[in-house]
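Reading through the structure tokens given below for one structure.
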Amino acid sequence: MSKVILKNISKSYGSNEILKNINLDIYDSEFLVLVGPSGCGKSTTLRLIAGLESPDDGEIIINNSIVNNMDPSKRDIAMVFQNYALYPQMTVKENMGFGLKIRKYKKEEIDTRVIETAKTLKIDNLLDRKPKALSGGQRQRVALGRAIVRKPKVFLFDEPLSNLDAKLRQEMRVEIKRLYKLLNTTMIYVTHDQTEAMTMGSRIVVMNNGKIEQVDSPENTYLKPKSIFSSSFIGAPKINLINGELYKEESEWYFHSNEIKLQIKSTHYQYSNFKAGKVTFGIRAEDINANLKINEDKDQINLIKGSVDFIENLGSEMNLHIKMLDNNFIIKCERKLQVRENQEVQMCFDVDQGHFFNFKTGKILC
Amino acid sequence: MKKKIETILTFMFLVFFSIGTLYPVLNILSVSLKTDNAFHSQSLALIQIREKFEDINNNNKWDEGEIFFDKNDNGIWDAGSGLRSYFNLFKDTDFLLWSRNSIIISLLVTMTGVVFASIGGYALSRFKFKGREFGMIALLTTQMFPATMLLLPFFILLSYLGLINSYLGLIIIYSSTALPFCIWQMKGYYDTIPPALEESARLDGCTQLQAFYKIILPLSSPALVITALFSFMASWSEYVVAAIILQDPKLYTLPLGLKSFQASLSTQWGLYAAGAVVVSIPVTILFISLSKYLVSGLTMGSVKE
């Protein structure tokens, strides 16, 4: 049982406010991912939980006891650092056993545990090497091993994969996920990579500017973003955002922005919350379809013409960058579509999947 | 062709400075092997062979008119090289006593230097506290004053404390002059060690102090070695301060002892040179054996992760 609760946490360095009144409940045995751009306070949050920093205000509660003033060594937390932080003068075996040695475990106990852990991580052939003689991926595994071997209450990961190349990163992502299933312990993971957040977390915390924008499951964060920031940070390519106006005409709701006029059906999930006025409309690249045949039928709704500025070929699919007079869009389409640059296409907006945000606050209309 | 000229020029440059460096050392070595009255010999030979001499004019005079005494009355010129000065150094003088004094003082200064610099440098590198910036600048400022300028204040301070003519006084002064540099040196080295290492150690269960001496200190051995060497050298070869503080010949350090061979009327150059050679041996050995650390210590930043 390892619950972590952050209550009204604030932290500043000098006049620089890093965290502003953070409230977060981290459940027992969940994989929570803190995601956000650099400087959003996610690492600081992690360091506060670890005890490497202390909050200016608020309470950190681990398993029902307030740990604000508890030394990190007493919190029974393990952390994997971005630069691995392996002790250079020690072998892999000593690195992994260090925490147990400090806690005065018997030598035999340490040895069995280290070897057992090394086997799960497939590093048992590296035990006598020094960190210098290891590759990036191996170091990462050792760092993981050092954390696991102690069987701590909570695991913290501070951007552990950002120093690895793309292929290795994907491998380690799976590896960490596998470890999580195996250990079933509370894990808190910090990353700036939305893919990592989406693929790994049981819940995602989107942070921006020292505040929490949204705490939700990956699906909900993607499909039901609570703010413009959250919608644009999660998902690649970035969500299309259009500033415009909501208005009602003959009992139908419309969204209008220069050359774009979209009709909104009553099936839209925000339909009951609409109020006429300025809004930001967000729609993901896959919710706009590109047609090469231009349909001139005036009765068709939500069809808009645009020309292809350039094409990003991703192999399995393509991103079309569409240029219009005042707006630019990114559309995801399948690779079979025979489209050239500068070609005119017709975009079909699946407005039901889009989101309307308050123009001023950037929050979802509700 | 251009490269060849470049190489030649480089070597000429190196040879020139090598000569400049080696000549005095070889000269001292040569003098230490000669007898006193051969000091003024014009010969460039490092080692002189014993030569018979004949007093052709039978007037006990050199050609230039200088009187020559055949002390041993055996018609053999005394100027042949030998280890006599070294024997005399250990037999007839207090050289061993001075060595002991020097070793005690230097080791104590080294220990103080290493202990205080390793801790002080760590504090300056890792913690933010009031007066940190000022302290660092202040330490640096002390290095700007020449030691001779500080002699008088040091002397007054020590005489208030009643530490004139004592090892303790000398150790305090040596440590306080060597420490600022050592602290900066250690701080610079700690700065290159990622703080994540201690943080990791603390999460592994170490207290702040344990993380320091179990993880950081072993990693800093190159810097510690340089700090130790610097403190040792600063006290081992120091003369001016010692000459002011120590008045009792029994307390003399090696540089003071050597200087005592130099009297106003006659100087025992052989002894003087032999002493100089013996004094420089331990330092030379230290330097050579620690050169590995010196290189790695001065090319810092090699300790990433």
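In the text below, chain A, chain B and the rest are named by the order of the sequence lines, each starting its count at 1. Keep in mind that the numbers below use all heavy atoms, side chains included, and drop hydrogens, waters and symmetry copies.
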More than 12 heavy atoms from other groups under 6.0 Å of [atom1] on [X]:
| X | atom1 | answer |
| --- | --- | --- |
| A:Q170 | CD | no |
| B:F16 | CZ | no |
| B:M149 | CE | yes |
| B:F116 | CZ | no |
| B:F129 | CZ | yes |
| A:M70 | CE | yes |
| A:Y13 | OH | yes |
| A:K7 | NZ | no |

Nearest non-hydrogen partners of [X] and [Y], listed with the distance:
| X | Y | result |
| --- | --- | --- |
| B:I215 | A:Q89 | O-NE2, 3.1 Å |
| A:P72 | B:R202 | CD-NH2, 3.3 Å |
| B:C206 | A:I102 | SG-CD1, 3.5 Å |

Checklist entry - Within the distance-only criterion (no hydrogens, no angle test), does the side chain of A:Y87 pair as donor or acceptor with the backbone N or O of B:K214 below 3.5 angstrom? => result no

Next on the checklist: Please check this pair: side chain of A:R146 against backbone of B:D204, looking for a donor-acceptor N/O pair closer than 3.5 Å.
Outcome noted: no

Checklist outcome for this item: Of A:M79, A:K132, A:R103, the largest count of non-hydrogen pairs under 4.5 angstrom with chain B goes to A:R103

Next on the checklist: Below 4.5 Å, heavy-atom pairs only: which of A:G99, A:A50, A:A143 has the largest tally toward chain B?
Outcome noted: A:G99

Checklist entry - Is it the backbone or the side chain of A:I77 that comes under 4.5 Å from a heavy atom of chain B, or both, or neither? => result both

Checklist entry - Which bit of A:R150 is near chain B, if near means a heavy-atom gap under 4.5 Å: side chain, backbone, both or neither? => result side chain

Can I get a per-line list of side-chain donor-acceptor pairs under 3.5 Å for residues 223-240 of chain B, giving both atom names and the distance, sequence neighbours left out?
residue	atom	partner	partner atom	Å
B:T227	OG1	B:A223	O	2.8
B:S231	OG	B:T227	O	2.8
B:S235	OG	B:S231	O	3.1
B:S235	OG	B:F232	O	3.1
B:W236	NE1	B:V279	O	3.1
B:S237	OG	B:M233	O	3.0
B:E238	OE1	B:Y174	OH	2.8
B:E238	OE1	B:V241	N	3.2
B:E238	OE1	B:A242	N	3.1
B:E238	OE2	B:V240	N	3.1
B:E238	OE2	B:V241	N	2.8

With rounding to the nearest 0.5 angstrom, report the [atom1] to [atom2] distance, [X] to [Y].
| X | Y | atom1 | atom2 | answer |
| --- | --- | --- | --- | --- |
| A:F81 | B:L197 | CZ | CG | 9.0 Å |
| A:K74 | B:T207 | NZ | OG1 | 7.5 Å |
| B:S200 | A:L52 | OG | CG | 9.5 Å |

Checklist entry - Given side chains that start at C-beta, do those of A:P88 and B:L219 come closer than 4.5 Å, heavy atoms only? => result yes

Checklist entry - Is there a side-chain contact between B:Q208 and A:D71, using heavy atoms and a 4.5 Å cut-off? => result no

Checklist outcome for this item: Bottom line for B:A211: the part with an atom under 4.5 Å from chain A's heavy atoms is neither

Item to check | B:E199: salt bridge (charged side-chain N to carboxylate O under 4.0 Å, His left out) partners, not counting sequence neighbours | outcome: A:R47

